[in-house]
Amino acid sequence: MKTVKVNVVTPDGPVYDAEVEMVSVKAQSGELGILPGHIPMVAPLKTGAVRLKKGSSTELVAVSGGFIEVRPDNVTILAQAAEAAEDIDLERAQASRERAESRLNDKAEQIDAHRAELALRRAINRIDVRNNRM
Ligand code: ATP
């Protein structure tokens with residue numbers, strides 16, 4: 001089975017590094033499935049799950065935006081924040097979701113709704129990846 005090397009990198013350091021058979025990401029333009037030998041490209045990502053297929057298992061990494069750079073034998077995902085499913089603190093993500101939801105619901109408070117919306121998306125993505133609901 002052919003493989004492609006995938007690195008997920010953040011400003012805090014590498015988060016994931018493995019040879020996989022397929023990587024799927026949520027690009028701004030839609031879901032992208034990348035197999036070994038893919039033509040080179042760069043695409044911006046949405047906050048979402050990266051799925052990494054290795055044999056019969058699929059690993060998940062939660063990625064908060066960023067870019068994917070594809071080359072025929074390696075894929076680099078650069079993101080402001082990214083966590084492998086097993087490294088996600090579910091309680092922290094749930095608290096973050098509640099905070100963002102109450103900010104969005106609180107009409108009286110002067111809030112940055114866009115910022116709260118982005119925080120909510122990051123939190124929901126982490127909860128879904130942690131719970132393997134992708
Ligand atoms: P919070 O409100 O919990 O800080 P956030 O969405 O504002 O969440 P980020 O700014 O995206 O957090 O991330 C800051 C750092 O904390 C990053 O290194 C990120 O990987 C890490 N991080 C954020 N939430 C979690 C989580 N639930 N579990 C593990 N690491 C997390």
Side-chain angles (χ1 to χ4, degrees):
M1 184 63 89
K2 281 191 185 167
T3 59
V4 56
K5 186 171 164 57
V6 178
N7 286 288
V8 180
V9 183
T10 74
D12 297 330
V15 167
Y16 185 92
D17 178 350
E19 293 278 344
V20 306
E21 287 147 25
M22 180 165 140
V23 53
S24 306
V25 297
K26 261 179 124 181
Q28 303 262 356
S29 56
E31 189 88 20
L32 282 179
I34 292 147
L35 296 167
H38 197 285
I39 55 162
M41 63 159 216
V42 172
L45 298 179
K46 289 184 180 170
T47 288
V50 174
R51 292 159 187 267
L52 301 128
K53 191 173 177 302
K54 276 186 178 175
S56 57
S57 74
T58 300
E59 293 173 353
L60 293 178
V61 176
V63 167
S64 301
F67 288 87
I68 183 168
E69 182 186 29
V70 179
R71 292 169 185 271
D73 54 7
N74 66 71
V75 169
T76 306
I77 293 167
L78 296 164
Q80 190 57 43
E83 306 85 35
E86 62 274 17
D87 295 331
I88 293 172
D89 177 341
L90 189 56
E91 282 182 13
R92 175 173 168 179
Q94 283 163 341
S96 186
R97 178 175 70 182
E98 281 165 25
R99 214 161 42 238
E101 281 171 346
S102 65
R103 281 189 187 133
L104 287 169
N105 289 331
D106 188 350
K107 304 275 184 287
E109 206 185 323
Q110 282 291 338
I111 58 140
D112 183 340
H114 182 61
R115 191 172 155 190
E117 182 63 45
L118 295 178
L120 180 59
R121 277 189 223 156
R122 290 195 299 274
I124 290 172
N125 181 43
R126 286 176 176 130
I127 292 165
D128 287 346
V129 166
R130 185 74 179 96
N131 290 332
N132 210 342
R133 275 197 312 239
M134 307 308 299

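Both ligands and their constituent atoms are indexed starting at 1 by order of listing. Values below: all heavy atoms of this structure, side chains included; hydrogens, waters and symmetry mates excluded. Counting from 1, the numbers follow the sequence of the chain as shown.
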For ligand 1, which of its N or O atoms have a protein N or O partner closer than 3.5 Å, and how long is each gap?
from: ligand 1; atom 1: 2 (O); to: Ser96; atom 2: OG; distance (Å): 3.0
from: ligand 1; atom 1: 2 (O); to: Arg99; atom 2: NH2; distance (Å): 2.6
from: ligand 1; atom 1: 3 (O); to: Arg92; atom 2: NE; distance (Å): 2.8
from: ligand 1; atom 1: 4 (O); to: Arg92; atom 2: NH2; distance (Å): 2.9
from: ligand 1; atom 1: 6 (O); to: Arg122; atom 2: NE; distance (Å): 2.6
from: ligand 1; atom 1: 6 (O); to: Arg122; atom 2: NH2; distance (Å): 3.3
from: ligand 1; atom 1: 6 (O); to: Arg126; atom 2: NH1; distance (Å): 2.8
from: ligand 1; atom 1: 7 (O); to: Arg122; atom 2: NH2; distance (Å): 3.3
from: ligand 1; atom 1: 11 (O); to: Arg122; atom 2: NE; distance (Å): 3.2
from: ligand 1; atom 1: 11 (O); to: Arg126; atom 2: NH2; distance (Å): 2.9
from: ligand 1; atom 1: 16 (O); to: Arg92; atom 2: NH2; distance (Å): 3.0
from: ligand 1; atom 1: 18 (O); to: Asp12; atom 2: OD2; distance (Å): 3.3
from: ligand 1; atom 1: 20 (O); to: Glu83; atom 2: OE2; distance (Å): 2.5
from: ligand 1; atom 1: 24 (N); to: Arg92; atom 2: NE; distance (Å): 3.3
from: ligand 1; atom 1: 24 (N); to: Arg126; atom 2: NH1; distance (Å): 3.3
from: ligand 1; atom 1: 27 (N); to: Asp89; atom 2: O; distance (Å): 2.9
from: ligand 1; atom 1: 28 (N); to: Asp89; atom 2: N; distance (Å): 2.8

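Crowding of Gln80 atom CD: a count of heavy atoms from other residues, nucleotides or ligands under 6.0 Å not exceeding 12.
Judged by distance alone, the side chain of Lys26 and the main-chain N or O of Gln28 form no donor-acceptor pair under 3.5 Å.
The hydrophobic clustering, which links ILVMFWY residues whose side-chain heavy atoms are closer than 4.5 Å, places Val70 and Leu52 together. Taken together through direct or relayed side-chain contacts under 4.5 Å among Ile, Leu, Val, Met, Phe, Trp and Tyr, Ile88 and Tyr16 form parts of separate hydrophobic clusters.
Under 4.0 Å is where a charged nitrogen must lie from a carboxylate oxygen, and between Lys5 and Asp17 at least one such pair does. Under a 4.0 Å N-O distance rule, the pair Glu21/Lys2 does not qualify as a salt bridge.
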